[in-house]
Number of protein chains: 2
Amino acid sequence: MYEQLRLDNQLCFRIYTASRMLTQAYRPLLEPLGLTYPQYLVMMVLWEKDNQLVGDICQRLRLDTNTLTPMLQRMEKEGLVIRTRGIADGRQTLVSLTRKGHRLEEQAKEVPSCLTRGMQDTGVCTEDLLRLATTLDTLMGIMETTKEGQH
Amino acid sequence: MYEQLRLDNQLCFRIYTASRMLTQAYRPLLEPLGLTYPQYLVMMVLWEKDNQLVGDICQRLRLDTNTLTPMLQRMEKEGLVIRTRGIADGRQTLVSLTRKGHRLEEQAKEVPSCLTRGMQDTGVCTEDLLRLATTLDTLMGIMETTKEGQH
DNA sequence: TATATTTGCATCGTGTACGATATAATTCAA
DNA sequence: TTGAATTATATCGTACACGATGCAAATATA
């Protein structure tokens, strides 16, 4: 029995599980909006700035086109976005919000607080969560650079 | 523009991205073993204790049978585990390591240190990572209880 | 003890993730 | 300027995740 292979010693398993649990926590809040969690992320990117290229969204969410293209196609079918071929550069695809997609922001703005409310008075202080965010940013920065080192 | 909908303010997005990046970091280490990251988790559970029920593994990894059953079937086809119907209780399925599955532990024991080595001298101290783990545990504990409150 | 309920697992359908490959538009180079 | 590399997306195949449903074995109940 190797100590380093114990599940409880795996930071990665914690992050993996926390990620799934958070997505599940979002589900009941996003279902009324007709969004999955990854789609909600795309919408946040577009609410921040409309009319973005597929590549822009890829960069922002750190997802590749092989994940985003089908997702955007589903969102287009749902009437949330429109995909138009680039005029200047014919290879590009521009993603824009529809009126429906824009309106959804009003409903979505309640989602974050709904999720946070459930965590009030439960022992996690804001300070802990800020530190969590900072450490994750550091960790991701490292993984970003070590990944590049492999090329 | 609602401040609470800014992507950079989303703790969940950080955890979601960190989880994907970590899985990607594991990939080149696990590929020689013929394992995906979720399969590696199953193997860790079985290396800790052989001959476990599907339900035991589900509980440990917080995954449902609709995820694990197909995964275990693939692993059985790869010759890593054997699934046998429970004798005492005919509904149960017992998952056991094959000789090949056992042997894999010897190779796998190098994986965690390989991953950690790349992070040496990069600014994240062990203390930060321990705090990260603690906060995540607290967070998951909260989500566990608030989820139950919905029933 | 016959039937209703529960339990443990499997199956199905949809939506991500992601490596690999394809394709068309653009740019580079000879 | 024409063919070769590059770039921006798209498509394909495989493997998760997970809600919903199915099913047989076990248990509870009348």
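So that the names make sense, note that chain A is the first sequence line, chain B the second, and so on, each numbered from 1. We use all heavy atoms of the structure for the numbers below, so side chains are in, but hydrogens, waters and symmetry mates are not.
- Evaluation of the side-chain contact (heavy atoms from CB on, under 4.5 Å) rule for Lys100(A) yields Leu80(A), Thr98(A), Arg103(A) as partners, not counting sequence neighbours.
- When the shell of 6.0 Å around CD of Gln73(A) is examined, it contains more than 12 heavy atoms from other residues, nucleotides or ligands.
- Leu30(A) has its CG atom 21 Å from the P atom of dT14(C), to the nearest Å.
- With a cutoff of under 4.0 Å to any heavy atom of chain B, the contacted region of DNA chain D is bounded 5' to 3' by dA15(D) to dA26(D).
- Looking at heavy-atom distances under 4.0 Å, Leu53(B) makes contact with sugar-phosphate atoms alone, never a base.
- What you find for Gln4(A) and Lys109(B) is that their closest heavy atoms are NE2-O, 3.0 Å.
- At distances below 3.5 Å, not a single donor-acceptor pair connects side-chain atoms of Thr67(A) with backbone N or O atoms of Leu63(A).
- Here ring-ring contact (aromatic ring centres under 6.0 Å, His included) pairs that include residues 6-25 of chain B, with residues two or more places apart or in two chains, are Tyr37(A)-Tyr16(B).
- Identified under the ring-ring contact (aromatic ring centres under 6.0 Å, His included) test for residues 42-92 of chain B, with sequence neighbours left out: none.
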Exercise. Would you give a per-nucleotide map of nucleotides 18-24 of chain C, 5' to 3', where B means the base has a protein non-hydrogen atom under 4.0 Å away, S means only the sugar-phosphate does, and - means neither?
Key: BBB----
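- A straight line from CG of Asp56(B) to P of dT7(C) spans 16 Å, rounded to a whole angstrom.
- OP1 or OP2 of dT16(C) sits under 4.0 Å from a side-chain N or O of Thr36(A).
- If you check the side chains of Asn51(A) and Ser96(A), you find a donor sitting under 3.5 Å from an acceptor.
- In this structure, Lys77(A) atom NZ and dT16(C) atom C1' are separated by 15 Å, rounded to whole Å.
- With respect to Tyr2(B), the side-chain hydrogen bond (donor to acceptor under 3.5 Å, both in side chains) criterion is satisfied by exactly one of Glu105(A), Glu48(A), Glu106(A): Glu106(A).
- For the segment residues 38-48 of chain B, the set of residues with a heavy atom within less than 4.0 Å of an atom of DNA chain D comprises Pro38(B), Gln39(B), in numerical order.
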